[in-house]
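Worksheet for the structure shown next.
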Number of protein chains: 2
Amino acid sequence: MATEPLTAERILEVTEDVLRKYGPAKATVVDVARALGVSHGSVYRHFRTKAALREAVTKRWLDRTAKQLRFISEGADPQGGSPTDRSAEANLSDWLKALFEAKRHKAGDDPELFATYEVLLSEHSQVVEEHIKELIGQLAVIVDDGFRRGEFTSVRPDPTEVARALFDATAKFHDPQYAPYWSLPGVEADFAAVLSLLLRGLRVR
Amino acid sequence: MATEPLTAERILEVTEDVLRKYGPAKATVVDVARALGVSHGSVYRHFRTKAALREAVTKRWLDRTAKQLRFISEGADPQGGSPTDRSAEANLSDWLKALFEAKRHKAGDDPELFATYEVLLSEHSQVVEEHIKELIGQLAVIVDDGFRRGEFTSVRPDPTEVARALFDATAKFHDPQYAPYWSLPGVEADFAAVLSLLLRGLRVR
DNA sequence: CGAATGACAGATATTGAAATCTGTCAGCTG
DNA sequence: CAGCTGACAGATTTCAATATCTGTCATTCG
């Protein structure tokens, strides 16, 4: 069998597995190289540092979520149907619910990758900053749509500003710092209460 | 000079100083005893464990803030005047601003006591839970007042539920986890945006 | 006799030496 | 000769021995 060429993508796949198995604290570059059947020097040919590798893996992982959410922000039905003319409020509500669900599942199903994400957070990584910017951008699309349709209003009608406020106000339901709280009973109700208050704050009546 | 009797209160005062000086990681019960000029056994006569002492100090410290805020939740003018008939919205806005300011100043001026508070948080201490319950209770008073005056409405008009939603939605501006963020430029604007959205969500129009 | 002491056992933290890991690079290999 | 290897230096982590701290309690002190 012709041994496949070592690509950055292949390294990322395997690194993700290694991180899943050992977690960010224990996984080493040598572990990754061993799993790939190469020397660790080869890994360094594709990623200048271990931090860069960690960032690239997390970016891939975060991008998968952002991609999912983009369907909603672009007006598609969350059930996966084709784009519809759903109200901005429904879109906003679905998007925030989907964000909460996505983060919660990531924390529960992939604790080690989630821990890796938290490492980046503590390092103030650009990757996390960009992920957040992307999410706020998606929110801004929904908010702007709401403004255009005359569904939403705000004192200062800058969609991005409002999007950031929505993002900040729902921090408890997507910021990794709160992950332990997401499995407690009553979170759902707390989330619903915040969401309802925020939606009412945007609604034109 | 008649050496004063060793009271719990005296121990708390001195422990606060010791914590301020050494921080929760370095301060020991022996340090506290030394500062009091007694043996550490005497401290244990008043507090069963070091954790209990730490909790008592933090409780005192948190209670001081809660007391300040109570003036606002009970309708007093924040400038310290006598109780007035200010609108519930003004009270709510002032209270949330005051909470943000109080936490921010505590984090900035008393980093070591703030760190002690964070230790309790990580221990899921009852003291912190009660502090939060007290704060939400104060918020509920303001919200209830708003309901009674016909200033506020909500889908489910339980003042405590709404109070909790307000508390959750402003977490980024009072939860110690975000303390580093409070000194960044732009926080004020972010806070104002969230506050404005929330107030609008409550307002009867 | 009630309050305080300090010696003590077990738990926790500190320290420094040894082991491992990261990142580089001269040389090897297909 | 492009891509990979593995020996190496410096950085970081681990580990075990040592020191310090917590919490108890028999004894002392006023």
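So that the names make sense, note that chain A is the first sequence line, chain B the second, and so on, each numbered from 1. The shown structure was predicted, so the numbers you read here are calculated from the model rather than taken from an experiment.
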- Message: Just the rounded figure in Å: distance from P of D:dT20 to CZ of B:Arg34.
- Response: 12 Å

- Hey, can you tell me if A:Phe152 and A:Phe147 have their rings parallel, tilted or perpendicular (30° and 60° cut-offs)? perpendicular

- Within this structure, what is the CG-to-P distance between A:Asp31 and C:dT20, rounded to whole angstrom? 13 Å

- Query: What is the distance from CZ of A:Phe47 to P of C:dC21, rounded to the nearest Å?
  - Reply: 20 Å

- Task: Send over the distance from A:Tyr44 OH to C:dA26 P, rounded to a whole Å.
- Result: 18 Å

- Task: Write down the distance between CG (A:Leu36) and C1' (D:dT5), rounded to a whole number of angstrom.
- Result: 15 Å

- Message: Side-chain N or O of B:Ser42 versus OP1/OP2 of C:dT5: is the shortest distance under 4.0 Å?
- Response: yes

- Short side-chain N/O contact to D:dT14 OP1/OP2 from A:Lys26, under 4.0 Å: yes

- Phosphate oxygens OP1/OP2 of D:dA11: is one of them under 4.0 Å from a side-chain N or O of A:Lys50? no

- Task: Could you tell me whether A:Ser39 contacts a base, only the sugar-phosphate backbone, or nothing, with contacts defined as non-hydrogen atoms closer than 4.0 Å?
- Result: base

- Query: Rounded to whole angstrom units, what separation is found between the CZ atom of A:Arg45 and the P atom of C:dT24?
  - Reply: 12 Å

- Task: Give me the one residue out of A:Lys59, A:Lys67, A:Arg70 that meets salt bridge (Lys or Arg N to Asp or Glu O under 4.0 Å) with A:Glu134.
- Result: A:Arg70

- Can you tell me how far C1' of C:dT5 sits from CG of B:Leu6, to the nearest Å? 13 Å

- Query: Any chance the side chains of B:Lys103 and B:Tyr117 put a donor and an acceptor closer than 3.5 Å?
  - Reply: yes

- Item | Check: A:His40 side chain, D:dG6 base, donor-acceptor under 3.5 Å | no

- Task: Please determine, for the side chain of B:His46, which listed nucleotide (D:dC4, D:dG23, C:dA4) has the closest atom?
- Result: C:dA4

- Message: For the CZ atom on A:Arg148, are there more than 12 heavy atoms of other groups (residues, nucleotides or ligands in this structure) within a distance under 6.0 Å?
- Response: no

